[in-house]
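Here is the structure we will look at, set down as structure tokens.
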Amino acid sequence: MSGTRRINPRRPFRITPEGIRRIVLGEEGDAGEIALSPVAMASSKPLRLVGEATANLLVVAHSDRGALDAPAREAIAAAAILADPATPVLVLVLGDLAEDLGPFGADRILAVPECGNGAFLPDLEVSVLSDVIDRFQPRHVLMPDSPTGTGDLGRRAAAALDAEIATHVVELKTDSVACNRQGGTVLARRGLPRFILLDPGAIDAALPFRGAGKRLDYAAHAVAPGLYRDLGLKPVAGAALPLEEADFIVAAGNGVRDVPTVEAVADLFGAAIGASRVAVDDGRFPKDKQVGATGKTVQASVYMAIGISGAVQHLQGIRACRHVIAINSDASAPIARRADLTIVADAQAVMQALVSETARRNWPGDAADEARADG
Ligand SMILES: Cc1cc2nc3c(=O)[nH]c(=O)nc-3n(C[C@H](O)[C@H](O)[C@H](O)COP(=O)(O)OP(=O)(O)OC[C@H]3O[C@@H](n4cnc5c(N)ncnc54)[C@H](O)[C@@H]3O)c2cc1C
């Protein structure tokens, strides 16, 4: 082991009123878990003032494994920005909720575990949403315009309630929304409708304040089965998935020449394949694989960027991705700032190591599946 002395990231520190972490010089020791938690960071932000509530703004989002994704957080931030001090931001979470939404700007939270979790329950979800709207009479309902999920629910609910709706909203002001029309050549603006469905990236989710984050009790009443039957999830080959629907994407850029090995890595993870514009323009991948401003906008849980520099136009397409893993020979490539994990190495060597190591031994997921099958 090298004797190089490194800064101990757990040294005691304090949080400034601006939410900035300042190391306390001259002190040694363990700062403890709480000091590093984002919630603790956010708790140093001022509480958005909520006087006597006279109205509500409602945000609706599906949770995934107990957490909200980036577009859902953006919708909460959008509502918090629209709200005045007498208007709490009420968040209806369809699915389990295991995180504190106060730091994202939520004042009141209703969680409905019976909904969400990948199940297709349009009747129940429209019924729950209509009931919440009936009880709380929100001035506006904000939702992420996801290809499925809340995008579908928002359109159904607006139709059921005969309410005005704006979809694919890219710009929000206190008195208007704007959407791209005619292939993005025209920005169409109108007054705020009751339902506002926001495109990913339309809003900056970072707020200078936090919400009260108070959980309210809510029990969804049963709904008679409707016309729909959920036949469950059908596994499809990752490579055949449209990029917008993929939960795991392996994407290649100009730093990758060996396309068959990219396909083998994607196959390992059951992932869809994406590409940068340079890799597409070079003819290595078809145009429908391009991710970015002039390609697809994706929202995968895991986005593996291999030999991609992370140009701003590429990053625009992956804003909503949850975890980004970069493989790049240049540690200072912009993608490293967006990535949660960067492997600084030759792309070809890492891809080959992944393929051969997985072929050599059973993948932990395979072992778990076998154990379940054995009963
Ligand atoms: C109007 C406009 C729209 C655009 N739209 C898009 C878009 O939708 N999507 C998009 O992607 N781009 C788009 N671009 C292009 C964008 O600006 C970049 O040029 C492009 O994303 C770069 O692609 P790249 O990262 O694959 O290539 P490069 O910029 O060439 O980067 C290659 C990366 O690979 C790394 N590398 C090289 N060799 C290796 C190796 N052996 N192992 C590991 N790493 C290696 C390098 O360090 C570098 O970081 C657009 C540009 C404009 C002007």
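Everything quoted here is computed from the prediction, not taken from an experiment.
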Task: Residues, nucleotides or ligands: over 12 heavy atoms within 6.0 Å of Lys287 NZ - done: yes
- [ ] Measure the spacing between CG of Leu192 and CG of Leu82 and express it to the nearest 0.5 Å.
- [x] 6.0 Å
Task: Residue pair Leu354 / Leu268, side-chain heavy-atom distance below 4.5 Å - done: yes
Open item on the list: Does this structure show an ion pair linking Arg139 with Asp84, if we count only N-O contacts that are shorter than 4.0 Å?
Closed with: yes
- [ ] Could you tell me whether Arg135 and Asp131 make a salt bridge, using a distance below 4.0 angstrom between a side-chain N and a carboxylate O?
- [x] yes
Open item on the list: Return the CD1 to CG distance between Ile109 and Leu92, rounded to the nearest 0.5 Å.
Closed with: 11.0 Å
Task: Pairwise distance CD1(Ile343) to CE(Met304) - rounded to 0.5 angstrom - done: 6.5 Å
- [ ] Output the distance between atom CG (Leu315) and atom CZ (Arg319), rounded to the nearest 0.5 Å.
- [x] 10.0 Å
- [ ] Please report the C-alpha distance between Thr150 and Leu197 in whole Å, then the side-chain angles of each, then the deciding distance to 0.1 Å, and finally whether the side-chain contact (heavy atoms from CB on, under 4.5 Å) criterion is met.
- [x] CA-CA 8 Å; Thr150 44; Leu197 270 56; over 6 Å; no
- [ ] Any chance you could measure Leu207, atom CG, to Arg48, atom CZ, to the nearest 0.5 Å?
- [x] 9.0 Å
Open item on the list: Taking the side chain as everything from C-beta on, heavy atoms only, tell me whether Pro71 gets closer than 4.5 Å to Met143.
Closed with: no
Task: Lys/Arg N to Asp/Glu carboxylate O, Glu245 vs Lys296, below 4.0 Å - done: no
Open item on the list: In the structure I gave you, are the side-chain heavy atoms of Leu57 and Val59 within less than 4.5 Å of one another anywhere?
Closed with: no
Task: Sub-4.5 Å side-chain heavy-atom contact between Leu47 and Arg210 - done: yes
Open item on the list: Working to the nearest 0.5 angstrom, can you tell me the gap between Arg190 CZ and Asp175 CG?
Closed with: 12.0 Å
- [ ] Side-chain contact test, heavy atoms from C-beta onward, threshold under 4.5 Å: evaluate it for Ile325 versus Tyr303 and give yes or no.
- [x] no
Open item on the list: Would you call the rings of Phe269 and Phe248 parallel, tilted or perpendicular, taking 30° and 60° as the class edges?
Closed with: parallel
Task: Sidechain N-carboxylate O distance under 4.0 Å for Asp96, Arg65 - done: no
